[in-house]
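As structure tokens, the structure follows; a few thoughts come after it.
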2 protein chains.
Amino acid sequence: MTTPGRGLHGHVLDSLGPAITAGEYPPGSVLRTDELAQRFDVSRSVMREAVRVLESMRLVESRRRVGVTVRPKAEWNVYDPQVIRWRLAGADRPHQLRSLTVLRSAVEPVAAGLAARHASAAQCAELTECAIGMVANSRGHKLEEYLVHDMAFHRVILVASGNEMFARLGDVVAEVLAGRTHHEVMFEDPDPAAVTLHVQVAEAVREGDAARAEKLTREITVGALQELDILAS
Amino acid sequence: MTTPGRGLHGHVLDSLGPAITAGEYPPGSVLRTDELAQRFDVSRSVMREAVRVLESMRLVESRRRVGVTVRPKAEWNVYDPQVIRWRLAGADRPHQLRSLTVLRSAVEPVAAGLAARHASAAQCAELTECAIGMVANSRGHKLEEYLVHDMAFHRVILVASGNEMFARLGDVVAEVLAGRTHHEVMFEDPDPAAVTLHVQVAEAVREGDAARAEKLTREITVGALQELDILAS
DNA sequence: TGTGACATATAAGTCTGACTTTTTGTCCCC
DNA sequence: GGGGACAAAAAGTCAGACTTATATGTCACA
């Protein structure tokens, strides 16, 4: 992914982070820095750095004379990519995938609409390339190749929206798409209708038709919601 | 806000964070831990903890033999509440407000639709109370009181959506609303039409009319976009 | 002149131990 | 039983020595 396990404190985080986000330490649990340092066989300085990071993610709170207490889930920085990755890697995975898919359904249509207005020529070209790649790999069990182009497609849309907040969701969306292919039920070739929708979105963006790009993308995300049985009405 | 300036390293962050997010150190700038420790008159241990936090926010990258280099804006964890607060407090404020308002326009309508399906009786009651509070303070230059109820209203909607990712945007939305009242041009009483929309959203949610709640909320967010001259078509 | 191996300097990374500060629980006394 | 002083516990801070990785410069050799 990005740069995992860099330094000793990173190694500690790779152990503690998933454990906490998995609910292994229920909210209110108290950890002691010294004990943790011993357990992970690192110095207190290193342990303190790790705790500081967990604190900035609002997973824990460090108080004098008390120790390091685990915060309730509702206070976590759930948008921190690291936290998202930890949760996706653990028992919380299904729940996290649902949350993120709902988020996608809100954000991506609007992003596509904005992309139709702001996308550069290069971005339009890239988008079309992605769509072509998806079509080319939509049959014959070439799921991995399809996935690569699918992830790229959505990333381009989000970046081309021109909104930094949307752009930064590219990694998250990619993670969701990858999860669908790798862990969920997706043995067969992708739905041809979905592939067509992607091609049409690329068209709409190229033509600057914001309303159509938004509507088509909404259809894509509705499909994603249905896959997870998140059904409305 | 939450718990600012806790401990020495927190004090350092309160100085460094805003400076970096304000672009005071352009991307690629190199800082040295020792020099920073001297400058802020703290020990290296404390400085290292601060750097670790900045690193987890992806504002900087620490590499051996090089130093602490500032990352390009595109890599920052722009959803980190701390980063958002720093940017809102600095020169980037207008740009950040626009980004967040666009995000709101994507998320809040969908959240309102979900709230109509999932809101508890208590949440419906709270929502109605907020709407009443807004109406009661909509005339006579009682902007502060109006703001309190406005923030509460949107927070309830986001929480009642039942989606943790939406719920965690409550603070951000509150910050945007507060910003509009405190820093932007908003001397007069709020737009009566907007107040009515809020009342109607509360109604729709109470009645479980998801489509109407979503549509009405979309009208609210369109208004917010127009205030900032973010116009479509 | 270019290229590779090697040496060196540099800045982060780590560890240790001593000390400080804050908070909480307890116990004594009124 | 309540209030205040005291003691213990855990995080917080600091200073210094040492380790490790790595960018960069140097020099020999082709």
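Chain identifiers are assigned alphabetically (A, B, ...) following the order of the sequence lines, protein sequences preceding nucleic acid strands; residue numbering begins at 1 within each chain. Just so it is clear, the model here is predicted, and its values are computed rather than measured.
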Using residues 27-35 of chain B as the side-chain source, report each donor-acceptor pair under 3.5 Å to any protein atom, sequence neighbours left out, with the distance given to one decimal.
| residue | atom | partner | partner atom | Å |
| --- | --- | --- | --- | --- |
| B:S29 | OG | B:P26 | O | 2.4 |
| B:R32 | NH2 | B:E35 | OE1 | 3.1 |

Among all residues two or more places apart in sequence or in another chain, which pass the salt bridge (charged side-chain N to carboxylate O under 4.0 Å, His left out) test with [X]?
X	result
A:E108	A:R104
A:R206	none
A:R48	B:E49
A:D80	none

Sequence-distant partners of A:T221, side-chain hydrogen bond (donor to acceptor under 3.5 Å, both in side chains), two or more places apart: none
Residues which pass side-chain hydrogen bond (donor to acceptor under 3.5 Å, both in side chains) with B:E129, listed by chain and number, not counting sequence neighbours: none
Minimum heavy-atom distance between A:I157 and A:A115, given as atom pair plus value: O-CB, 3.8 Å
Whichever of B:R64 and A:R44 has its nearest DNA chain C nucleotide further upstream toward 5': B:R64
Assign each of A:E49 and A:R63 the nucleotide of DNA chain C bearing its closest heavy atom; nearer the 5' end lies the nucleotide of A:E49
Whole-Å distance separating the [atom1] atom of [X] from the [atom2] atom of [N]:
X	N	atom1	atom2	result
B:L8	C:dT21	CG	P	11 Å
B:E61	C:dG13	CD	P	11 Å
B:M47	C:dT14	CE	C1'	18 Å

Contact list for DNA chain C against residues 27-40 of chain A - heavy-atom distance below 4.0 Å: none
Phosphate OP1/OP2 of C:dT16 contacted by A:S45 side-chain N/O (<4.0 Å): no
Measure all distances between protein nitrogen or oxygen atoms and nitrogen or oxygen atoms of nucleotides 4-8 of chain C, and list the pairs falling under 3.5 Å.
none

Please confirm whether the backbone N or O of A:M134 pairs with a side-chain atom of A:D150, one donor and one acceptor, at under 3.5 Å? no
Outermost DNA chain D nucleotides near chain A [under 4.0 Å, heavy atoms]: D:dA8 to D:dT13
Heavy atoms under 4.0 Å, any strand shown: does B:V66 hit a base, just sugar-phosphate, or nothing? sugar-phosphate
Please, which pairs that meet ring pair (Phe, Tyr, Trp, His ring centres under 6.0 Å) have at least one residue in residues 12-70 of chain B, sequence neighbours excluded? none
Result block: side-chain N/O donor-acceptor pairs under 3.5 angstrom for residues 94-103 of chain A, not counting sequence neighbours:
| residue | atom | partner | partner atom | Å |
| --- | --- | --- | --- | --- |
| A:R98 | NH1 | A:L228 | O | 3.0 |
| A:S99 | OG | A:H95 | O | 3.2 |
| A:S99 | OG | B:E164 | OE2 | 2.9 |
| A:T101 | OG1 | A:L97 | O | 2.7 |

